[in-house]
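First up is the structure itself, then whatever we jot down about it.
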Amino acid sequence: KNQVEQSPQSLIILEGKNCTLQCNYTVSPFSNLRWYKQDTGRGPVSLTIMTFSENTKSNGRYTATLDADTKQSSLHITASQLSDSASYICVVADRGSTLGRLYFGRGTQLTVWP
Amino acid sequence: EAQVTQNPRYLITVTGKKLTVTCSQNMNHEYMSWYRQDPGLGLRQIYYSMNVEVTDKGDVPEGYKVSRKEKRNFPLILESPSPNQTSLYFCASSLNHPQQGDWYNEQFFGPGTRLTVL
């Protein structure tokens, strides 16, 4: 069964600190993995997209890594800011016949304290 | 401005009263999709559309219908809403279907529609 698991479920850090969020997936065959940021009550916003041939991608202070062999990804946030408080969602697309299907993790709720 | 719009943003209705939530995008995207988001369950895909007149079921299609008569619009129809359809709904679009993992194929989400069915 295709699944996407994220950890931790929630995380509290102090402003200025770094943190890393984890995503493990069983989606097969794998096509690409996406990280989204979702502010409370708003639609998700895309941070990165990675295919199986890419193992790292950055977007400002956000850096995503991908290990397609172990089916793991991480999102590293550097020098956190209060505005980073949000839910971070890992999403995986497969390479099978279901072209339009996406598999969503339940998200990690990040809170940044001053 | 490139965007995905949804209407209404908030809706309170009663069980069994048919409703439609509209979704429109101005980016000439081929792929559009509807999601519902519930506490503790995350985003779940309801239906998606690869292009005009091409739609397919996602994870939770029961109780919903969609249509794609024009490229820019992808309405979500609840023929007979029930309280378990109370949720936050998002529409999204991207240039191509999700299997294309190029950087420009990111998915854009609408602002959401909060639906309450009494």
Side-chain angles (χ1 to χ4, degrees), chain A residues 1-7 9-10 23 27-55 57-59 64 66 68 73 86-109, chain B residues 2-6 9-10 23 25 29-51 54-61 66 68 74 88-114:
Chain A
K1 182 180 178 182
N2 289 326
Q3 286 186 313
V4 178
E5 301 284 345
Q6 291 188 243
S7 62
Q9 190 173 359
S10 62
C23 174
V27 178
S28 182
F30 172 84
S31 173
N32 59 81
L33 185 145
R34 301 151 184 252
W35 282 95
Y36 290 87
K37 177 188 178 188
Q38 185 179 21
D39 294 315
T40 301
R42 307 190 70 164
V45 174
S46 180
L47 293 175
T48 62
I49 303 176
M50 287 185 294
T51 64
F52 63 87
S53 61
E54 299 172 293
N55 55 26
K57 185 162 282 188
S58 292
N59 179 355
L66 172 65
S73 176
S87 178
Y88 292 84
I89 304 170
C90 175
V91 185
V92 180
D94 70 8
R95 198 162 36 86
S97 62
T98 55
L99 294 178
R101 287 288 300 274
L102 287 168
Y103 300 90
F104 286 76
R106 296 186 180 187
T108 292
Q109 184 65 46
Chain B
Q3 60 182 346
V4 178
T5 57
Q6 295 178 228
R9 293 289 314 280
Y10 303 90
C23 173
Q25 49 91 7
H29 284 172
E30 290 192 349
Y31 179 85
M32 297 185 74
S33 183
W34 275 103
Y35 304 90
R36 62 177 289 174
Q37 187 171 36
D38 303 290
L41 295 179
L43 282 158
R44 292 181 292 169
Q45 195 170 29
I46 304 172
Y47 270 95
Y48 59 91
S49 170
M50 304 287 278
N51 212 324
V54 181
T55 64
D56 207 347
K57 299 177 181 178
D59 294 317
V60 288
V66 293
R68 187 93 180 270
F74 190 44
L88 179 59
Y89 291 86
F90 289 102
C91 179
S93 75
S94 60
L95 187 62
N96 297 309
H97 62 74
Q99 280 193 8
Q100 296 202 8
D102 306 281
W103 64 268
Y104 53 79
N105 199 33
E106 66 175 293
Q107 200 171 26
F108 293 86
F109 283 78
T113 295
R114 188 166 292 281

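Just so we're clear, the structure is a prediction, and the values are computed from it rather than from any experiment. Protein chains get the first letters and strands the later ones, always in sequence-line order, with residue 1 at the start of each.
- The closest side-chain heavy-atom distance from B:Asp59 to A:Arg101 is below 4.5 Å.
- Interface residue B:Asp102: only backbone heavy atoms are found under 4.5 Å from chain A.
- Heavy-atom distances place the side chain of A:Tyr36, and not its backbone, under 4.5 Å from chain B.
- Looking only at distances, no side-chain donor or acceptor of A:Arg95 sits under 3.5 Å from a matching main-chain atom of B:Gln99.
- Between the B:Gln45 side chain and the A:Leu102 main chain, a donor and an acceptor come within less than 3.5 Å of each other.
- For NZ of B:Lys57, the number of neighbouring non-hydrogen atoms (other residues, nucleotides, ligands) closer than 6.0 Å is 12 at most.
- Interatomic distance, CD1 of A:Ile89 versus CG of B:Leu43, reported as 5.0 Å (0.5 Å rounding).
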Output, in order, the C-alpha distance, side-chain angles, deciding distance and verdict of side chain to side chain contact (heavy atoms under 4.5 Å, CB included) for B:Phe90 and A:Gln38. CA-CA 12 Å; B:Phe90 289 102; A:Gln38 185 179 21; 3.5 Å; yes
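- Across all their heavy atoms, B:Leu41 and A:Arg106 have their closest contact at O-CG, 4.0 Å.
- Heavy atoms of B:Pro98 lying under 4.5 Å from chain A belong to its backbone as well as its side chain.
- Crowding of B:Arg114 atom CZ: a count of heavy atoms from other residues, nucleotides or ligands under 6.0 Å not exceeding 12.
- Within the 4.5 angstrom heavy-atom criterion, no atom of B:Phe108 approaches chain A.
- Options B:Gly112, B:Ser49, B:Gly42, B:Gly58 differ in how many heavy-atom pairs under 4.5 Å they form with chain A, and the most are formed by B:Gly58.
- Only the side chain of B:Gln37 comes within less than 4.5 Å of a heavy atom of chain A; its backbone N, CA, C and O stay farther away.
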